[in-house]
Amino acid sequence: MRCGDNDDPTRNPGGDEQVGIATKTRAKPKKPSQFKVLMLNDDYTPMEFVVMVLKRFFQMDLEQATRVMLHVHQKGVGVCGIFPYEIAETKVNQVMDFARQNQHPLQCTLEKA
Ligand code: TYC
């Protein structure tokens with residue numbers, strides 16, 4: 001039978017089978033690598049602003065955002081979340097743009113998880 005031949009009605013009773021499309025599956029599929037979004041401490045950004053950022057861009061509730069903000073304030077750095085590269089990069093840009101618009105020196109960066 002040639003590829004694409006499908007005239008035997010018993011061969012495809014539901015009619016929803018794709019014919020002639022070959023797909024190749026990797027032996028070892030790679031999961032997309034993950035990146036941590038890190039928030040850095042500074043002496044000037046108000047705590048309330050950092051909490052607002054964590055709620056707005058990382059979907060944290062007030063309690064969680066306050067905990068992460070205080071961790072960063074005390075330790076110097078903290079993890080806001082872990083995402084595929086493009087999402088992590090977008091979040092970093094959103095945080096940095098929002099901080100800049102509000103004239104705060106808040107810094108956010110990426111690190112391979
Ligand atoms: N250290 C800042 C202050 O005392 C608060 C702060 C917390 C700033 C976390 C940045 O990522 C940060 N106002």
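Both ligands and their constituent atoms are indexed starting at 1 by order of listing. Any value given below was found using the heavy atoms of this structure, including those in side chains, with hydrogens, waters and symmetry copies removed.
Numbered from 1 in the order shown, with element, the atoms of ligand 1 that lie under 4.0 Å from a heavy atom of M39 read 11 (O). Taking a cut-off of under 4.0 Å to the non-hydrogen atoms of V72, the atoms of ligand 1 that pass are 9 (C), 11 (O), 12 (C). Atoms of ligand 1 found under 4.0 Å from any heavy atom of L106 (numbered from 1 in listed order, with element): 10 (C), 11 (O), 12 (C). If you number the atoms of ligand 1 from 1 as listed, the ones under 4.0 Å from a heavy atom of L40 come out as 10 (C), 11 (O), 12 (C). Distances below 4.0 Å separate heavy atoms of M47 from the following atoms of ligand 1: 5 (C).
Listed for the K91 side chain is a donor-acceptor partner under 3.5 Å among the backbone atoms of F57. Remark: the backbone N or O of L38 is not paired with any side-chain donor or acceptor of T109 at under 3.5 angstrom.
Distances between N or O atoms of D42 and those of ligand 1 include at least one value under 3.5 Å. Residue contacts with ligand 1: T45 is placed with a nitrogen or oxygen under 3.5 Å of a nitrogen or oxygen of the ligand (distance criterion only).
Exactly one residue among V72, V95, L54 makes a side chain to side chain contact (heavy atoms under 4.5 Å, CB included) with C80. That residue is L54.
When the side chains of ILVMFWY residues are joined at heavy-atom separations under 4.5 Å, either directly or via intervening members, V92 and M52 end up in a single hydrophobic cluster.
Note that CD of Q94 is 10.0 Å distant from SG of C108, once rounded to the nearest 0.5 Å.
Under the 6.0 Å cut-off for aromatic ring centres, Y44 and F49 do not qualify, their centroids lying 6.0 Å or more apart.
By the 30° and 60° cut-offs, the orientation of the rings of F58 relative to F83 is tilted.
If you check which protein heavy atom lies closest to atom 7 (C) of ligand 1, you get N41 OD1, 3.6 Å. For atom 4 (O) of ligand 1, the nearest non-hydrogen atom of the protein is H73 CE1, 3.1 Å.
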